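What follows is a set of notes on a single structure, which appears directly below.
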Amino acid sequence: MNTQTGSCLCGMIQYRFDDEPIATVHCHCVDCQRVTGSGFATVFGLPDQAVTITGEASIKSFTLTADSTRQVTRLFCANCGPQLFTRADNNPDFIWIKAGSLDDSSWLHPTDSCWTGSAASWASPQNGLTHHPGNP
């Protein structure tokens, strides 16, 4: 895989990686709906050590108990605000990245929808993807 890059809206936080994502999903949990202001978040996951994060702005974090009852930490650019990354306490060596923050997302192909049991009626999970009512 070629090096992939991404950033926050203002560009003060950047990241890069060379590994293929382990998973790419549309997450329909209530938290992802709220954090995106939409029906779901498209995210992909990588081992933490595969991602290099750099930048001039600091990263703020917010930890909460998610639908799964696990502690989830959402990481934001302190300057412009968008969420870029998510970490879950059950897998601290893994990072989820918001697909919309990629510089080029044309290569990304979600294969699953998770937390479809809490999907908004107007944002139903896509046909052709594996659906998981809860956490996959």
Side-chain angles (χ1 to χ4, degrees):
M1 169 176 219
N2 294 331
T3 299
Q4 298 296 323
T5 59
S7 69
C8 62
L9 188 60
C10 71
M12 292 182 72
I13 300 291
Q14 303 93 32
Y15 63 87
R16 64 178 167 70
F17 60 93
D18 298 318
D19 293 9
E20 289 284 336
I22 293 170
T24 303
V25 303
H26 295 308
C27 182
H28 291 267
C29 78
V30 173
D31 292 338
C32 280
Q33 291 177 43
R34 287 188 177 136
V35 79
T36 62
S38 186
F40 57 88
T42 303
V43 297
F44 60 96
L46 293 162
D48 193 51
Q49 75 275 6
V51 181
T52 301
I53 300 170
T54 59
E56 299 173 20
S58 62
I59 296 177
K60 291 189 66 115
S61 65
F62 177 72
T63 301
L64 70 154
T65 301
D67 296 356
S68 64
T69 70
R70 297 178 181 130
Q71 292 293 301
V72 174
T73 301
R74 297 182 180 274
L75 303 156
F76 302 80
C77 173
N79 187 56
C80 63
Q83 183 194 350
L84 299 169
F85 315 108
T86 303
R87 298 179 194 271
D89 69 348
N90 67 318
N91 198 346
D93 298 325
F94 197 74
I95 189 167
W96 291 97
I97 301 175
K98 295 292 182 277
S101 67
L102 284 164
D103 292 331
D104 173 18
S105 63
S106 64
W107 59 271
L108 202 64
H109 301 286
T111 58
D112 294 89
S113 288
C114 62
W115 293 103
T116 58
S118 55
S121 62
W122 46 268
S124 59
Q126 289 182 313
N127 291 330
L129 300 182
T130 303
H131 295 191
H132 303 278
N135 197 22

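For reference, positions follow the sequence shown, starting with 1. Reckoned from all heavy atoms, side chains included, excluding hydrogens, waters and symmetry mates. No experiment lies behind these values; they were computed from the predicted model shown.
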Side chain to side chain donor-acceptor pair (under 3.5 Å) against [X], all qualifying residues, sequence neighbours excluded:
| X | answer |
| --- | --- |
| Asp93 | none |
| Thr65 | Gln71 |
| Ser105 | none |

Decide yes or no for [X] and [Y]: does some side-chain heavy atom of the first lie under 4.5 Å from some side-chain heavy atom of the second?
| X | Y | answer |
| --- | --- | --- |
| Leu108 | Pro21 | yes |
| Ile53 | Leu84 | no |
| His28 | Ser113 | yes |
| Cys10 | Cys77 | yes |
| Lys98 | Thr86 | yes |
| Trp115 | Asp31 | no |

note = Applying salt bridge (charged side-chain N to carboxylate O under 4.0 Å, His left out) to Arg87 and not counting sequence neighbours gives Asp48
note = Taken in chain and number order and not counting sequence neighbours, the residues that satisfy ring-ring contact (aromatic ring centres under 6.0 Å, His included) with Phe85 are Tyr15
task = Let me see the working for Asn79 and Glu56 under side chain to side chain contact (heavy atoms under 4.5 Å, CB included), right down to the final yes or no.
result = CA-CA 9 Å; Asn79 187 56; Glu56 299 173 20; over 6 Å; no
message = Under the side chain to side chain donor-acceptor pair (under 3.5 Å) definition, can you give me all pairs with a residue in residues 1-14, not counting sequence neighbours?
response = Thr3-Asp18, Gln4-Trp107, Thr5-Asp103, Gln14-Thr54
ask   = Taking Thr24 for the side chain and Thr111 for the main chain, is one N or O donor matched with an acceptor at less than 3.5 Å?
value = no
